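See below for the structure under consideration.
Here the structure is a predicted model, which means the values were calculated and not measured. Quick note on labels: first sequence line is chain A, next is B, and so on, each numbered from 1. What's counted below: heavy atoms across the whole structure, side chains too, no hydrogens, waters or symmetry copies.
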2 protein chains.
Amino acid sequence: MLPAGEPKFRRRPGDRPAEILAAALEVFAERGFHSARLEEVAKRAGVSKGALYLYFETKADLFRAVVRDAISPNIERIKAMAEAQVSFEPAVRIGLVMLASRVVTDRRVSGVVKLVIAESRTHPELAAIWHETVVEPGIGLMSRLIAEAQVRGEVREGDPRLFAFGLMGPMVLSMVWRETFEPVGAQPIDVVKLAEQHLDTVLQGMRP
Amino acid sequence: MLPAGEPKFRRRPGDRPAEILAAALEVFAERGFHSARLEEVAKRAGVSKGALYLYFETKADLFRAVVRDAISPNIERIKAMAEAQVSFEPAVRIGLVMLASRVVTDRRVSGVVKLVIAESRTHPELAAIWHETVVEPGIGLMSRLIAEAQVRGEVREGDPRLFAFGLMGPMVLSMVWRETFEPVGAQPIDVVKLAEQHLDTVLQGMRP
DNA sequence: TGAGTAGATGACTGGTGGGTCAGTTATTTT
DNA sequence: AAAATAACTGACCCACCAGTCATCTACTCA
């Protein structure tokens, strides 16, 4: 019964955390927090269950790490957009279409968004982190651009924040739709088309 | 130790199911499916855990009953709207504002919506039921009204279904917002104001 | 009023899965 | 080459809770 050649495992402490996070994201996204089995995460990450505990304290800790990990690229995007000096219409056009084509369509993102929504009662810190690092800065940025455009007379009067919700709403709906209704046979939404048509409609409707 | 006066329990088979459903809705909405404790449901319904099993087969069965129960009034509403012969603009105006003031604001509804989203992987039947009895008829009705308005030249060209998503999006966002971000300190959305401003914007943007 | 019965109780159980740790194996150091 | 080290394994433990059932109690009706 002596195993020939291939070693039973390798020591790769540098790569393990990222691999475990990737596997955990998959399993959490598929099953939700409670139904996710650590045994399954370990299997997909190619390690034993015990190894998970070398890198993460508890299941909840692993979950938090998954969500935090998924946030970072989005923060970069928002920061970049906020720093670039741009005028309202083109910024919103480019921003929303990019959001539609790159973010909303990415199952890893919509999966995490769904997780945050689903587990917000049992893990309110995650909803809080998500809110203050992604949602509020994003909405804040849009509101500011809209308010500036109003001063220049390019946009009619109205609450800038509500305009921002009006623009973002269908993107949120799309993520919910993809995660909730498409798996049970709902006709998929063409998110990019939706974003474009919605932009045409709302931008026209926002003119004075 | 003989209890004087008040009996230990009463036999009220007629009222129990509704009371259990109400209690279960509360607990499921607060905790989600897995974290919800049947002991807690029983306590709030004023019965013992065993009594639950006189009326519902399993926890999942109880959960399904809660969701089905919450759907029915909405089906009635949609049916009524579909049967009333109405023209596009006033119908959408009245419909969306009613939705905002009565449905989106009702925590019992937003709670169940959140549950359906959260548990759609482990209970896809619920997502399916919700989709075919509420979502699809609702979207279908709106799309039809929009398509008819396009024929009459009241609305510019564009995919009627995407217009419908554009109108509904912010309502979905509002429910998610209330259930997910408000509990962690997010500034509440005035849903009726949002609905009104969004209607003004989108209806103007939909004109030819 | 008392026998019959359906409604209701609550202590109990069994499966499940998060978390532990004594021991094993790959790798580094001496 | 041997010792030292740290990554990793996997069998085990035990808390937890959905679901059960022997028993009891309220109500009915003859």
Side-chain angles (χ1 to χ4, degrees), chain A residues 1-28 30-66 115 119 121-123, chain B residues 1-28 30-66 115 119 121-123:
Chain A
M1 255 343 206
L2 288 175
E6 283 301 285
K8 193 169 177 181
F9 61 85
R10 288 184 189 285
R11 291 166 64 168
R12 299 167 41 246
D15 300 333
R16 293 295 191 212
E19 290 171 3
I20 292 171
L21 281 176
L25 169 55
E26 270 186 32
V27 179
F28 281 133
E30 274 171 30
R31 322 258 344 170
F33 179 75
H34 280 277
S35 300
R37 300 287 151 245
L38 290 184
E39 200 81 60
E40 178 66 22
V41 173
K43 194 173 148 196
R44 295 201 199 180
V47 294
S48 68
K49 195 169 70 163
L52 301 183
Y53 286 86
L54 297 173
Y55 301 101
F56 303 94
E57 301 252 322
T58 63
K59 185 185 187 183
D61 185 51
L62 173 59
F63 182 56
R64 281 189 285 271
V66 165
L115 277 174
E119 309 293 344
R121 293 251 198 261
T122 34
H123 298 271
Chain B
M1 267 328 215
L2 288 174
E6 285 300 287
K8 191 170 177 180
F9 60 85
R10 289 182 189 288
R11 292 167 62 170
R12 300 165 42 245
D15 300 332
R16 292 295 192 215
E19 291 171 2
I20 293 170
L21 281 177
L25 169 55
E26 270 185 32
V27 179
F28 281 133
E30 276 171 29
R31 322 257 344 169
F33 179 74
H34 279 277
S35 300
R37 301 286 151 245
L38 289 184
E39 201 81 60
E40 179 66 22
V41 173
K43 195 174 148 194
R44 295 202 199 179
V47 294
S48 67
K49 194 168 71 163
L52 301 183
Y53 287 86
L54 297 172
Y55 302 100
F56 303 95
E57 302 251 322
T58 62
K59 187 185 187 182
D61 185 51
L62 173 58
F63 182 57
R64 281 189 285 271
V66 166
L115 276 174
E119 309 292 343
R121 294 252 196 259
T122 32
H123 297 270

Value in whole Å for how far the [atom2] atom of [N] lies from [atom1] of [X]:
{"X": "E57(A)", "N": "dT20(C)", "atom1": "CD", "atom2": "P", "result": "9 Å"}
{"X": "F28(A)", "N": "dG18(C)", "atom1": "CZ", "atom2": "C1'", "result": "12 Å"}
{"X": "E39(A)", "N": "dC12(D)", "atom1": "CD", "atom2": "C1'", "result": "12 Å"}
{"X": "D61(B)", "N": "dA18(D)", "atom1": "CG", "atom2": "P", "result": "15 Å"}
{"X": "F56(B)", "N": "dT20(D)", "atom1": "CZ", "atom2": "P", "result": "16 Å"}
{"X": "E40(B)", "N": "dG19(D)", "atom1": "CD", "atom2": "C1'", "result": "18 Å"}
{"X": "E19(A)", "N": "dA7(D)", "atom1": "CD", "atom2": "P", "result": "15 Å"}
{"X": "L52(A)", "N": "dG17(C)", "atom1": "CG", "atom2": "P", "result": "15 Å"}

- Query: Do the charged groups of K43(B) and E39(B) touch, with an N to O distance under 4.0 Å?
  - Reply: no

- E30(B)/R121(A) salt bridge by N-O under 4.0 Å criterion: no

- Whichever of G50(A) and G50(B) has the more 5' nearest nucleotide on DNA chain C, that residue is G50(B)

Can you figure out which of [options] approaches the side chain of [X] most closely?
{"X": "L54(B)", "options": "dA8(C), dA7(D), dC17(D)", "result": "dA8(C)"}
{"X": "Y53(A)", "options": "dG18(C), dT9(D), dA18(D)", "result": "dG18(C)"}
{"X": "L38(B)", "options": "dC8(D), dG19(D), dG18(C)", "result": "dG19(D)"}
{"X": "Y55(B)", "options": "dT9(D), dG19(D), dG7(C)", "result": "dG7(C)"}

- Query: Does any N or O donor sit under 3.5 Å from an N or O acceptor when you compare the side chain of K49(A) with the base of dG19(C)?
  - Reply: yes

- Is there a donor and acceptor pair closer than 3.5 Å between the side chain of K59(B) and the base of dG19(D)?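 No, the side chain and the base share no sub-3.5 Å donor-acceptor pair.
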
- Parallel under 30°, tilted from 30 to 60°, perpendicular over 60°: which one fits the rings of H123(A) and F33(A)?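 Aromatic pair H123(A)/F33(A) classed perpendicular.
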
- Query: How many angstroms lie between CG in L38(A) and CD1 in I20(A), if you round to the nearest 0.5 Å?
  - Reply: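 Output value for this atom pair is 10.5 Å.
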
- Approximate separation, where rounding is to 0.5 Å, of Y55(B) OH and L21(B) CG: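 Rounded to the nearest 0.5 Å, the OH-CG separation comes to 12.0 Å.
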
- Task: Select base, sugar-phosphate, or nothing to describe what A60(A) touches, counting heavy atoms under 4.0 Å on all strands.
- Result: nothing

- Message: With a cut-off of less than 4.0 Å, is there a side-chain N or O of R16(B) near OP1 or OP2 of dG7(C)?
- Response: no

